[in-house]
Amino acid sequence: MSAIDYTGWLKITEGSTSQGLEPNAFNKPLVRLPKKPAPHPCQVVCVIRKSDRDSKKLTQDHFFESVTVQPTHAMFMSGKSIISPLSQKIGIPLIIHPESQVPHGFMNPNREKYENQTITYLLIQLDNGFANLEHQDGLGTALVSRLDYKPLSIGLLTTIHAYTSMLLSERYGSEDDSRVQHTVTPEDFTKFARKFIDNTRASFNNHWDIKL
């Protein structure tokens with residue numbers, strides 16, 4: 001994959017001023033996507049918030065839905081979409097576009113209904129394993145797209161989520177958190193993904209359209 005130039009992107013503190021929070025180790029600026037149409041319609045994954053999931057469906061189907069968005073969708077034109085730091089480190093940068101985020105979600109009494117752990121995990125800070133407060137609660141349903149605008153499959157996003165879950169359960173908290181980020185590489189992800197796919201492919205039917 002060719003190198004991506006991030007220099008034109010906007011670094012902002014996600015809601016810290018409006019919520020009375022000062023930027024710190026647990027509330028640092030993330031990168032937003034500039035307003036620009038996609039070059040073509042994009043296959044993305046809709047990650048459904050907790051309260052809207054159908055528990056009768058298979059695991060990957062009640063979390064994820066494959067959809068196509070047009071080049072001028074708000075995901076690309078609103079200026080609100082966020083770039084996942086972890087996805088950049090593994091060489092598959094992803095755009096995150098919350099569609100129903102609740103303001104001040106961590107103070108909302110109904111915040112559990114808007115929980116979206118998959119998206120929260122994608123937005124962790126790599127030097128400590130924590131997401132900013134506004135990305136821990138109230139995220140709601142969100143769209144996820146590849147930054148290179150290639151089709152994003154449910155299988156690939158499931159694998160990235162599994163990798164992030166592994167980092168949080170096995171690496172962060174068990175060693176110096178600031179050092180974990182240096183273990184997150186495209187090679188480390190690929191090694192994990194090959195094993196994960198081999199172990200779980202049969203459970204995900206025809207969703208495994210993954211090129212590593």
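Residues Leu156 and Ile92 form a side-chain contact, since some pair of their non-hydrogen atoms from C-beta on lies under 4.5 Å apart. Between Leu33 and Leu147, some side-chain heavy-atom pair lies under the 4.5 Å cut-off. Side-chain atoms of Ile119 and Val144, non-hydrogen and from C-beta on, do get closer than 4.5 Å to each other. Asn132 has its side chain within reach of Leu30: a pair of non-hydrogen atoms, C-beta onward, lies under 4.5 Å apart. Leu122 has its side chain out of reach of Val47: every pair of non-hydrogen atoms, C-beta onward, lies at least 4.5 Å apart. Looking at Ile95 and Arg146, their side chains never come closer than 4.5 Å, going by heavy atoms from C-beta outward. Residues Val45 and Leu143 have side chains not in contact (no heavy-atom distance under 4.5 Å, counting atoms from C-beta outward). Side-chain atoms of Leu126 and Leu86, non-hydrogen and from C-beta on, do get closer than 4.5 Å to each other.
Considering all non-hydrogen atoms of both residues, His182 and Thr185 come closest at O-CG2, 4.0 Å. Shown here for His97 and His73, the closest heavy-atom pair between the two residues is CD2-CE1, 4.2 Å. Across every non-hydrogen atom of Ser84 and Ile96, the tightest pair is CB-CG1, 4.3 Å. The shortest non-hydrogen separation linking Lys89 to Val184 is CE-O, 3.2 Å. Annotation for Ser78 and Lys35: closest pair O-CE, 3.5 Å, computed over non-hydrogen atoms. Taking each heavy atom of Ala142 and Pro98 in turn, the nearest pair found is CB-CA, 3.8 Å.
Considering only residues two or more places apart in sequence or on other chains, Phe192 meets the ring-ring contact (aromatic ring centres under 6.0 Å, His included) condition with Tyr163, Phe196. Annotation: side chain to side chain contact (heavy atoms under 4.5 Å, CB included) contacts of Pro41 (sequence neighbours excluded): Thr68, Gln70, Pro71. By the side chain to side chain donor-acceptor pair (under 3.5 Å) test, Thr164 pairs with no residue at all, sequence neighbours left out. In this view, Met77 and Pro37, Thr72 satisfy the side chain to side chain contact (heavy atoms under 4.5 Å, CB included) rule, not counting sequence neighbours. Ser178 is linked by a side chain to side chain donor-acceptor pair (under 3.5 Å) to Asp176, counting only residues two or more places apart in sequence or in another chain. For Asp188, the salt bridge (charged side-chain N to carboxylate O under 4.0 Å, His left out) partners are Arg171, not counting sequence neighbours. Judged as a side chain to side chain donor-acceptor pair (under 3.5 Å), and not counting sequence neighbours, Tyr172 has no contacts. A search for side chain to side chain donor-acceptor pair (under 3.5 Å) contacts involving Ser145 returns nothing, not counting sequence neighbours.
Between the side chain of Thr141 and the backbone N or O of Ile48 there is no donor-acceptor pair closer than 3.5 Å. A side-chain donor-acceptor contact under 3.5 Å links Gln43 to the backbone of Leu152.
Each salt bridge (charged side-chain N to carboxylate O under 4.0 Å, His left out) pair with one or both residues in residues 151-168, not counting sequence neighbours, would appear here, but there are none.
Expressed to the nearest 0.5 Å, how far CD1 of Ile197 lies from CG of Asn199 amounts to 10.0 Å. Distance CG/Leu168 to OH/Tyr121: 5.5 Å, rounded to 0.5 Å.
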Residue pair Phe130, Ile124: steps toward the side-chain contact (heavy atoms from CB on, under 4.5 Å) verdict: CA-CA 5 Å; Phe130 287 93; Ile124 62 171; over 6 Å; no
Intermediate values then yes/no, side-chain contact (heavy atoms from CB on, under 4.5 Å), Leu157 and His161: CA-CA 6 Å; Leu157 186 58; His161 176 61; 5.7 Å; no
